[in-house]
Protein chains: 4
Amino acid sequence: MNKREVHASVKDERLVIKRRNQMIKGAVSLFKEKGFHRTTTREIAKASGFSIGTLYEYIRTKEDVLYLVCDSIYDQVRDRLQKDLDQTEGTLESLKLGIANYFKVMDEMQDEVLVMYQEAKSLSKDALPYVLKKEFEMVSMFEDVIRRCVENGELALTDKQVEFIAHSIVVQGQMWGFRRWALQKVYSLDEYIELQTELLFNGIRGG
Amino acid sequence: MNKREVHASVKDERLVIKRRNQMIKGAVSLFKEKGFHRTTTREIAKASGFSIGTLYEYIRTKEDVLYLVCDSIYDQVRDRLQKDLDQTEGTLESLKLGIANYFKVMDEMQDEVLVMYQEAKSLSKDALPYVLKKEFEMVSMFEDVIRRCVENGELALTDKQVEFIAHSIVVQGQMWGFRRWALQKVYSLDEYIELQTELLFNGIRGG
Amino acid sequence: MNKREVHASVKDERLVIKRRNQMIKGAVSLFKEKGFHRTTTREIAKASGFSIGTLYEYIRTKEDVLYLVCDSIYDQVRDRLQKDLDQTEGTLESLKLGIANYFKVMDEMQDEVLVMYQEAKSLSKDALPYVLKKEFEMVSMFEDVIRRCVENGELALTDKQVEFIAHSIVVQGQMWGFRRWALQKVYSLDEYIELQTELLFNGIRGG
Amino acid sequence: MNKREVHASVKDERLVIKRRNQMIKGAVSLFKEKGFHRTTTREIAKASGFSIGTLYEYIRTKEDVLYLVCDSIYDQVRDRLQKDLDQTEGTLESLKLGIANYFKVMDEMQDEVLVMYQEAKSLSKDALPYVLKKEFEMVSMFEDVIRRCVENGELALTDKQVEFIAHSIVVQGQMWGFRRWALQKVYSLDEYIELQTELLFNGIRGG
DNA sequence: TATGAATGAGGATTCATTCAT
DNA sequence: CATGAATGAATCCTCATTCAT
């Protein structure tokens with residue numbers, strides 16, 4: 001169940017990928033602006049640079065576009081994280097760096113991430129699991145890093161705590177984008193990272 | 001700008017309130033099930049117990065329903081919190097209790113809160129500020145409590161830290177509902193509160 | 001299974017009947033001209049004297065229109081026949097009159113009958129049986145008349161022969177409309193009736 | 001006006017014939033299943049074993065396919081009849097055999113014949129006459145046989161009666177396929193032929 | 001006030017046909 | 001000759017909103 005196939009009438013695999021990338025790019029910017037429901041398929045086609053007929057050569061339903069968009073965003077986020085988190089050696093310092101890096105990714109991709117989280121609920125019962133799975137994967141990446149710290153004796157945490165903290169980190173990263181109207185007026189990204197790290201490591205009472 | 005007026009053709013104030021409450025109740029359960037966009041005005045009228053014609057005696061557009069729903073949910077959440085947070089005396093213990101109470105409210109109202117956050121983006125540029133303002137208010141309520149702790153010397157925090165922590169608390173409460181598919185399978189509410197409090201107060205490294 | 005219900009959003013039964021009659025009238029003349037598939041729902045609405053939205057208050061799908069049309073034509077044909085065939089007393093003379101009358105009905109309604117037989121195949125698996133049933137009924141009406149002649153000793157026929165002859169009569173009546181391009185150029189209706197009766201009663205070799 | 005030319009871009013006559021035969025075969029089975037309108041040109045191409053582009057090298061419009069199909073079916077029916085009817089010597093016995101043979105052909109080709117009669121109406125004003133002409137030819141073949149019987153003194157019929165009877169025979173043959181849902185459940189083909197012959201020759205009152 | 005029939009702009013999707021390779 | 005990607009007009013159907021009763 002790693003990927004949900006989206007049917008294309010066109011056979012040339014290379015072309016399918018190319019056109020879908022055009023599509024995703026066009027769709028993201030439209031979804032960003034007006035949301036999935038308020039965006040018409042014609043607008044998507046136009047923003048993608050081809051006709052409505054051509055659009056439907058590469059998907060079966062409008063919802064397919066949303067799925068492709070979500071799928072693609074997750075893949076981008078994950079790729080950017082993986083490179084980083086894989087190298088951590090299980091020290092608190094590298095955990096901190098991992099978190100900071102994640103927050104930076106979430107800053108750069110905040111539009112995409114916002115789109116994904118706000119529209120994912122419009123996916124059919126059929127497609128949703130594939131997207132949730134990706135969210136789980138992201139949490140897992142942090143779990144792994146934290147667990148390595150535990151194994152190294154740098155932290156003393158139960159499994160449940162590890163999972164919980166991983167969720168917390170992921171959510172706090174998303175929060176930067178979701179609450180930009182509040183946070184980004186008050187804090188710079190670096191400040192936000194600093195505050196988050198401080199709170200996460202030392203709690204309210206400070207170190 | 002405390003409330004945005006939603007026009008009603010009907011003059012009898014008492015009736016307007018009664019009908020709108022019917023409306024909100026019906027709409028919330030529909031939005032919960034299928035989202036704002038997939039819900040039709042006819043369905044809302046039916047779920048509210050009156051005809052489509054009558055529905056439009058109490059609102060001007062479909063979006064008005066969404067605004068009323070969001071507005072109402074916020075009011076409920078705030079009412080339930082205020083009672084509690086107002087009494088805190090500025091001790092860490094009472095802060096903890098306030099947080100626990102907030103999490104419980106978010107648990108009980110998770111469906112409504114979910115609806116509100118997922119659909120609020122569909123509000124027009126016109127209505128959005130009124131809703132965001134309420135979100136600010138909620139954050140402020142926690143800020144006040146924390147600030148009282150600072151004033152009492154129980155905590156040493158800058159203003160920016162106070163605001164940041166208030167945001168964090170609010171978000172972590174919402175997280176319980178948003179990520180229920182992950183969290184509520186693993187933790188009980190009490191466990192979740194325990195973990196959150198522990199992390200918030202002492203950080204990753206424990207007390 | 002006497003009637004297949006076609007859903008209407010409008011509740012006023014009287015109005016539903018009135019609007020559907022407008023609809024059937026408009027649709028028949030369009031189907032006559034260009035067939036079911038080449039007729040658009042907008043054209044049907046226009047020909048019926050109301051808007052496309054209103055059309056869909058009285059049906060669910062385009063196919064419903066076809067079903068209503070077929071259903072209505074059958075009902076008209078049957079009503080006109082029944083009056084007549086019911087009174088026959090089981091003499092050859094009254095059988096002849098019944099046949100002549102049937103041919104006259106088929107002449108007057110040839111457009112409708114043509115439409116029905118040419119488009120009925122476009123009905124869904126769901127609706128088809130209801131229409132076939134009516135065709136059976138028509139055959140049965142003739143079977144009854146013939147059987148009465150047999151009972152009276154005017155004819156000596158097995159059951160199978162009776163059924164077969166009834167089918168033959170029905171088909172020859174339809175033939176007048178179906179092959180109008182050939183027959184109606186050569187024969188008047190009365191001539192046609194005369195020839196058919198003669199052939200049916202006495203065969204090729206004449207009396 | 002013996003044949004209506006259907007334009008092909010391809011010059012090689014042999015190839016044109018070969019490809020069109022593939023096309024007709026594929027199209028008949030599709031039309032049988034879902035009718036002309038519900039069949040897409042892509043499906044026809046696929047069923048024919050070549051691409052949509054190639055299909056359009058051999059026809060100009062979708063309707064051309066229908067014309068070719070109808071034309072081909074008529075040719076087949078006529079070929080099979082002609083062999084037979086040409087040899088009749090103008091006796092009642094050979095007329096009977098001719099009729100029986102025609103009914104057998106109509107039995108074997110009932111699918112094709114059904115398709116042709118149900119879809120022919122979709123032919124344009126342009127193509128229809130060519131198809132009707134073939135129908136006339138078929139009637140003529142029977143007229144000829146009957147006329148020979150008259151010339152031989154085996155039957156006493158006017159010209160109008162001859163034409164009328166020829167039509168009747170043709171229609172009764174088609175009836176076997178059209179009303180298969182009723183007739184073929186009750187009669188075997190041989191029984192049906194027997195009943196038809198008896199009725200045609202002796203009429204209702206028997207010999 | 002309450003009702004529900006009427007409206008028609010708007011949206012998703014299909015499919016015959018073309019044309020560059 | 002063969003292919004199949006591209007096109008966009010055409011079509012079915014929905015649904016927010018209005019208004020006469």
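Here is the naming used below: chain letters follow the sequence lines, and residue numbers restart at 1 for every chain. Basis for what follows: all heavy atoms, side chains included, without hydrogens, waters or symmetry-related copies.
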Calculate the interatomic distance between [X] atom [atom1] and [N] atom [atom2]; express it in whole Å.
X	N	atom1	atom2	result
D:H7	E:dT17	NE2	C1'	14 Å
D:K46	F:dA2	NZ	C1'	18 Å
C:M23	E:dA6	CE	P	13 Å
C:H37	F:dC12	NE2	P	10 Å
B:I52	F:dA20	CD1	C1'	16 Å
B:K62	F:dT14	NZ	P	15 Å
D:K18	F:dC1	NZ	P	11 Å
A:K11	F:dA5	NZ	P	7 Å

Side-chain donor-acceptor pair present, D:E112, D:Y74, cut-off under 3.5 Å: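 There is no such pair (donor and acceptor under 3.5 Å, judged by atom type) between the side chains of D:E112 and D:Y74.
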D:E63 and D:S124: side chain donor to acceptor below 3.5 Å: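 Result is yes, a qualifying pair exists.
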OP1, OP2 of [N] versus side-chain N and O of [X]: anything below 4.0 Å?
X	N	value
C:R42	F:dA10	no
C:R60	F:dC12	no
A:Y56	E:dT13	yes
C:Y58	E:dA6	yes
A:T54	F:dA5	no
D:T41	E:dA16	yes

Would you indicate which nucleotide in [options] comes nearest to any side-chain atom of [X]?
X	options	value
C:S51	E:dT13, E:dG8, E:dT17	E:dG8
B:D12	E:dT1, E:dT13, F:dA16	E:dT1
A:L15	F:dT14, E:dG4, F:dA6	F:dA6

Residue mapping more 5' on DNA chain E - nearest nucleotide basis, C:L55 or D:G53: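 This one resolves to C:L55.
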Most 5' of C:G49 and D:I59 on DNA chain E, judged by nearest nucleotide: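 Its nearest nucleotide lies further toward 5', so the answer is C:G49.
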Close side-chain approach of C:Y58 and C:D64, heavy atoms under 4.5 Å: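 C:Y58 does not reach C:D64 side chain to side chain.
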Flag side-chain contact, heavy atom, 4.5 Å: C:M23 against C:K18: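 Not in contact.
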Contact nearer the 5' end of DNA chain F, comparing D:F50 with B:E57: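 Its nearest nucleotide lies further toward 5', so the answer is D:F50.
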Cationic N near anionic O, under 4.0 Å, D:R4 to D:D126: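 Looking at D:R4 and D:D126, the cut-off is met.
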Touch class at under 4.0 angstrom, heavy-atom based, for A:S9 against every strand present: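 It contacts sugar-phosphate atoms only.
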For F:dG4, the Watson-Crick or wobble counterpart (both distances under 3.5 Å):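 WC or wobble partner is E:dC19.
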Shortest non-hydrogen contact from D:S29 toward D:K32: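 Closest pair (atom of D:S29, atom of D:K32, distance): O-CB, 3.4 Å.
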Base E:dG10 to side chain A:R38, donor-acceptor N/O within 3.5 Å cut-off: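 Result: no qualifying N/O pair found.
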